[in-house]
Amino acid sequence: SKLPDHVILSGGPNNRYWVVDVEDGPGYKKLIISCSRTLHPTETCLLKDGWETTPVRRGDVVHLEGRSDAGTWLVERDQGFLVLQPDSLISGTSISNSIRCMRRAVLGEIFDGGSKQMLNGTMVHEVFQGAAKAKDFSSEKLFKLADEALHSPRYLGDMYTLGVSQEEMKQELLDYLPSLENWASEYLSSSKPKSIGLKILNPSRAPGGCQESNAVVTVTDLTDIEENVWSPRFGLKGKIDVTAQVQIQRPRTSRSPEEKTFPLELKTGRESNSIEHRSQVILYTLMSMERYNPEAGLLLYLKTGSMHPVAPSHMDRRELLKLRNTLAHHLHNSVEKGADLSNLQRLPDILTSRQTCQYCPQKLNCALYESFTLYPSDDVRDFLQQECGHLAQQHLNYFSHWLLLCILEAVTMETKNSRKHIWLQSIESSEKNGSCVGNLQLKDAVAAQAEDVFLHRFQRTGSAPSQSATNCGLTNGDRIVVSDQDGRLVGLATGYLCEVDKTSVSCTLSRDLSKFRDVLFRLDADEGVVGMSTHLTNLSRLMENCQDSERLRKLIVDLRPPEFIFNLSSVLPRDAKETVADILKGLNKPQKQAMKKVLLSKDYTLIVGMPGTGKTTTICTLVRILQACGFSVLLTSYTHSAVDNILLKLKRFRVGFLRLGQGQKIHPDILPYTEENVRKKGVHTLLDLEQLYNKELVVATTCMGIKHPIFTRRRFDYCIVDEASQISQPICLGPLFYAHRFVLVGDHQQLPPIVQNKEARSLGMDESLFKRLEVHGEAVVQLNVQYRMNRQIMSLSNSLMYDGRLECGSERTAAALLTLPSLASVQSELRSHSETHPQHDLSWVQFTLLPSNPVCFLDCSLAGCRPSDVGVIAPYRQQLKTIQALLQSPTFSGLEVNTVDKYQGRDKSLIVLSFVRSNTEEGHLGELLKDWRRLNVAITRAKHKLLMVGSAVTLRRFPPVEKLLDHLQQEDMISFKKNWLDLLPPAAHRSLSSMFL
DNA sequence: CCTCTGCTGAGAGGA
């Protein structure tokens, strides 16, 4: 087997072994393993006494705990653990969920979802934790905390979702307070605290035996709440409700009691002391091993105030880790690579137990996954009929097709962005690539800025802090995660970077780290884990047995033709007619058509916005018209910037709206319209919140922002999705559930959704919903009148993509040329340069500069033009960096160098498009330039002048570019035959570029 | 051979 590049192995206590081979025998399994990249030398690991059923395969990464003798590991009944794929951290709740049903646990990791009647539990936790933090369990304090929770924005949102009143919640919450107070007075604050008997199991040397001893434990302090733990040693993660300081008095010793730290798990439900609850505690003791090495944990039932000790045996830990391994196995093998096609892997078996399955939140997904089984048992068939009976074959096909695509993509994203495992990356290598700052020590007091926002300042120590300060890739506002440097306290807190300089770093964190004053910290970029769960949850929702889902299924899966009404007067309210007519005045013909089509639609409309045709203006106008008619509108797009662009326009027309989303990403001028800001004006009751959510006809957010509570109840007349041709189907689907009709705006001749996995792309994952629905021509309106490019530049795109359908909006647009105030002087300088240096004939530059040549292709600059009017585009990042380096001088500040993708939706007066590729030799071509759509975007960004640089011979091998070159040749727009950079020595090139500006 | 935007999260309980 060959080791993939992203796999990191290690020996020692935090070992990571690669499984080279697996040998099965009766009652045992033998692994050939290696922790060297060359896979040599190898060691062996013998699994027995139940461990042999571990679903470990060749090519897996494992971590081993226990003993090894001369390169032989033994994992058996009473000693040793094997952790399969230890770098996939699995949460404590997932594992304890898997006890009842492994299938449910696997589905729970793939799809998010769950029942929603847990609000009371969350709030009781909050109150307890607040009291623990304040070290005050008096009834006054508890009452105050309960009152705060009832008015806190977080829970108001949840109450809105559930539709429960504040009064109801208050009653439930208050019921708990006496037992909280009681618990504290008995166990914590009393002078003679109540003790808990604890049977501690000491593994004994004698084979097969454990010594049991009775110890007495008292809680002395509650030192932390919601501690976040990542344990790459056991492949676990979780949040510990309360971290408790305890005293343990051992039996038969007169020594003073021992101080220890135990995890304390709170439960608000029935006092079941169930396996699930106890397992959760055991998992917390395991994952906090590096921190506190707790031999036991505590389980506190807040309804009654009774506390149970949980002292795990080796067997308890063994069985839970085995469950973890099975879960990890299923998550890592969600697709099966066939000869040339991948397939969805089977999940663990269905239980079909009436009792367990009845309330399972994964019921539908469970059934959908199984719907392709050829010969289901009677039980399973009944279950499938019950869950999926409302779905036709094509619906099941659509679901499983997209499920496969999303999982394929998720696998690729996982391996490509392997940065996630910060515990495997040394400080040195992470600092070098700029994703980390190390050697930090807490300085000054931690300042609480708000609930859950703590400002920390760290002092940079260590040998050469200044060196890494300069090339530190972290910038203000970046998301970061804080850990200790020894790998004991991984992922202590997350937050945002405020400031980095040579001597210190400051950041706001979600937790107060002042108790770790002596720890040496590291700070890593937290690029964020955005998996496929939104995609999959949307897909699953599309399959639900309800009206909204059925309507969308018919339109999207069955491709039922969209319907329209015939008469505008029936939709236009009489009193809005005049306003609408007024708004329509500023529009051109196709734009007016688009408005009409939307108003007549009963299902959906697709607006094709060719380059420069005023998509944003059109959407803005559409929103104004809909609002004037009294319709509510959900306005979305894939990116925050696209959403805000429309809102900035709407704001100018004094259209009111509510903007949802994280303030960090929202345009400053739009911030006053965010929920957070409006709330500051006073939202204390559920009624206030309901009014806030219902006040505006227009609500705006990104397609991913649909987890907001508002969408659990509010519905809209229209949903508008901008950038729709760049959004993948499962994401685009999301907002559509909340509106009766929708409008997709985009252009599938421009960039498609980004898909990283090649197989997923070839199976059609880059087909947007916009493109899928375009088969219904009657739903499509084309905006083909553009106000960006002059006649010649437009002709390129027309010949490449639009068959001449693109038109100039006015003669002014068509004839607009670049203005170069100092052209004459530059031309004369060039002339004299050519005369004095005949070997460097620059007449081609003179020719290229002429505004009267609006489109030039240089086989293989600028006079009096503002740098901000100039854009440089290159398809590759690396190339951008090179060009950027050449344009470092202040003369060019404001000149933007960027990729094609980043330029989509924007324009500049003059665009220099660099195609330069150095590989003239045979070999395979890059993927990027093969895409017609990307080329189309690139050539339609310039308003007045488009300058393209590249080697025609190389480029002719890309079919789209070849077609472009043919057109250029026909129109005589190619000006030179040599690589222009070769014409000049680098220094001359540099001065020349500055001269042009 | 390479283009990159989305986003808190683990857990909150009840049959």
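Naming convention: chains lettered A, B, ... in sequence-line order (proteins, then strands); numbering from 1 in each chain.
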Rounded to whole Å, how long is the line connecting atom [atom1] of [X] with atom [atom2] of [N]?
X: A:D478; N: B:dC7; atom1: CG; atom2: C1'; value: 15 Å
X: A:I225; N: B:dG11; atom1: CD1; atom2: C1'; value: 15 Å
X: A:D722; N: B:dG6; atom1: CG; atom2: C1'; value: 15 Å
X: A:N898; N: B:dC2; atom1: CG; atom2: C1'; value: 16 Å
X: A:L119; N: B:dG13; atom1: CG; atom2: C1'; value: 11 Å
X: A:L492; N: B:dT8; atom1: CG; atom2: P; value: 22 Å
X: A:E227; N: B:dG11; atom1: CD; atom2: P; value: 13 Å

Starting the side chain at C-beta, find the nucleotide from [options] nearest to [X].
X: A:R104; options: B:dC4, B:dC7, B:dG14; answer: B:dG14
X: A:H640; options: B:dC4, B:dA12, B:dG6; answer: B:dG6
X: A:R761; options: B:dG6, B:dG14, B:dT3; answer: B:dT3
X: A:T702; options: B:dC7, B:dT3, B:dA12; answer: B:dC7
X: A:E265; options: B:dT3, B:dG13, B:dG11; answer: B:dG11
X: A:Q756; options: B:dT5, B:dG13, B:dG14; answer: B:dT5
X: A:Q662; options: B:dT5, B:dT8, B:dG6; answer: B:dT8
X: A:D241; options: B:dG11, B:dA12, B:dG14; answer: B:dA12
X: A:K267; options: B:dG13, B:dA10, B:dT3; answer: B:dG13

Using a strict cut-off of less than 4.0 Å between a Lys/Arg side-chain nitrogen and an Asp/Glu carboxylate oxygen, indicate whether [X] and [Y] qualify as a salt bridge.
X: A:R659; Y: A:D644; answer: yes
X: A:E409; Y: A:R761; answer: no
X: A:R934; Y: A:D901; answer: yes

Syn or anti for B:dG6? Use the chi torsion, O4'-C1'-N9-C4 for purines and O4'-C1'-N1-C2 for pyrimidines, with syn inside 90° of 0. anti

side-chain N/O [X] vs [N] OP1/OP2, d < 4.0 Å:
X: A:T93; N: B:dG11; answer: yes
X: A:Y638; N: B:dC7; answer: no
X: A:H535; N: B:dG6; answer: no
X: A:T534; N: B:dC7; answer: no
X: A:T356; N: B:dA15; answer: no
X: A:K902; N: B:dT5; answer: yes

Do you see a donor-acceptor pair shorter than 3.5 Å between the side chains of A:Q358 and A:K363? no

Between A:G269 and A:K239, the residue closer to the 5' end of DNA chain B by nearest nucleotide is A:K239

Quick check with a 6.0 Å cut-off and a 45 degree axis cone: is A:R511 positioned over the face of A:F454's six-membered ring? no

Remember a base hit wins even if backbone is also touched, and classify A:Y284 as base, sugar-phosphate or nothing at under 4.0 Å, heavy atoms. sugar-phosphate

